[in-house]
There are 2 protein chains.
Amino acid sequence: MQSRSLGSKREKAERLLRKHNLKVTVPRLSVLSVISEKETATSQPDLEKVLGKSVDRVTLYRVLNVFEEKGILHKIFDLHGTATYALCSEECPEHIHSEDHVHFTCSKCNSVYCLNEVTIPTIETPIGFRVDAVGINAVGICAQCQSKVN
Amino acid sequence: MQSRSLGSKREKAERLLRKHNLKVTVPRLSVLSVISEKETATSQPDLEKVLGKSVDRVTLYRVLNVFEEKGILHKIFDLHGTATYALCSEECPEHIHSEDHVHFTCSKCNSVYCLNEVTIPTIETPIGFRVDAVGINAVGICAQCQSKVN
DNA sequence: TTAAGTGCAAAATCTTTGCAAATGT
DNA sequence: ACATTTGCAAAGATTTTGCACTTAA
């Protein structure tokens, strides 16, 4: 039972990599594993902390870049301007990562959540501006931090 | 006529500095001058390019940081994650720079515009999330770039 | 006069690049 | 076997810190 679910999780990751013509390697699987585990977007420093020296820092940068280029991950900047990465919900066309969902950033723990359910409103812009995508970032206190405050 | 308008512009900057208990210095006036001149948000590298070596790079960082802390400027990250700065429209309470207006980022020239006229819609979030501010960034092609494409 | 602000040098980060060795298909 | 990917070392870029000198009030 357990080995089955682990297997399928890994197989899913392998399929994802192969679909994008990427070889299945240890660093890539590790990164996918950590990121898919977490509810919030993950930064390079976070990944480095979790993975330790099992994965070289440079490799980490390269893995994240490839994943973003291929549309496996999308990049969001947190309140401090640090890049964080989250799995793209569906098929992202390569290089066009118009954020198609709302992000929530907690000003207390600095976590970035992807809120796929929330609908994005239309934005009116001045004449002459062509809008291709609308990125929305709600800033506040996340559920976790709110309950901790008590 | 010309000297009058120049004078009032500088006086305005001086008043702004004094209001925040900041001394009126050459680097600070230079930064304010450049930023208030431009329609789009300005990055540190941009400022460095414009100001040349008349202002030390370290001073530039410090001026921008103080201005942000005091609520004179607000910080926006462009599509590459580079910090850009724009004048706060009205009185920003210190340290609380909830972006109270919509930003537009041009994916061609990478400029960030502050659209003060556009109203911000309310965003529904999952239960347990407290929203304090909503940041909206419309991405597309700005008026300038559109006309150049022709 | 004196606290605040600047400029320089140097440290600390963060990110990228080049290349030889290792790995996946 | 061969192209890809990795890891290390080193370069490049960005941002911060410490401290003596300068400047605004």
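Every chain is numbered from 1, with letters handed out A, B, ... down the list of sequences.
Judged by distance alone, with hydrogens and angles left aside, the side-chain atoms of B:Arg130 form no donor-acceptor pair with the main-chain N or O of A:Gln146 at under 3.5 Å. Formation of a donor-acceptor pair under 3.5 Å by the A:Ser36 side chain with backbone atoms of A:Leu32 is found in this model.
Look at A:Glu14 and A:Lys9 and you find no salt bridge, because none of the NZ, NE, NH1 or NH2 atoms lies under 4.0 Å from a carboxylate O.
Chain B approaches DNA chain C within less than 4.0 angstrom (heavy atoms of the protein), and the contacting nucleotides run 5' to 3' from C:dA3 to C:dA9.
B:Val24 comes within contact range of the sugar-phosphate backbone alone, with a heavy-atom separation under 4.0 Å but no base atom that close.
Taking each heavy atom of A:Tyr85 and A:Leu73 in turn, the nearest pair found is CB-CD1, 3.9 Å. Smallest separation of non-hydrogen atoms from B:Leu79 and A:Phe77: O-CE1, 3.8 Å.
Mapping A:Arg18 and B:Lys23 onto DNA chain C via the closest heavy atom, the residue that lands nearer the 5' end is B:Lys23. Both B:Arg62 and B:Val26 sit near DNA chain D, but only B:Arg62 has its closest nucleotide nearer the 5' end.
Ring pair B:Tyr113/A:Phe129 is perpendicular by interplanar angle, where above 60° counts as perpendicular and below 30° as parallel.
Each of A:Tyr61 and A:Val63 belongs to its own hydrophobic cluster when Ile, Leu, Val, Met, Phe, Trp and Tyr are linked at side-chain heavy-atom distances under 4.5 angstrom. There is a path of hydrophobic side-chain contacts, each under 4.5 Å, that joins B:Leu115 to A:Val131.
If you measure from atom NZ of A:Lys70 to atom C1' of D:dT5, you get 13 Å, rounded to the nearest angstrom. Across the protein-nucleic acid pair, B:Asp56 atom CG and D:dA20 atom C1' stand 14 Å apart, rounded to whole Å. Atom CG in A:Leu22 sits about 11 Å away from atom P in D:dT4, given to the nearest Å. Remark: P of D:dT4 and CG of A:Leu17 are 16 Å apart, rounded to the nearest angstrom.
A:Arg28 has a side-chain polar atom (N or O) that falls below the 4.0 Å cut-off from OP1 or OP2 of D:dT5.
Screening A:Asn110, A:Thr105, A:Thr40, A:Thr84 for a side chain to side chain donor-acceptor pair (under 3.5 Å) involving A:Asp78 leaves a single residue, A:Asn110.
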Check: protein-nucleotides 12-15 of chain D nitrogen or oxygen pairs below 3.5 Å:
| residue | atom | partner | partner atom | Å |
| --- | --- | --- | --- | --- |
| D:dT15 | OP2 | B:Tyr61 | OH | 2.7 |

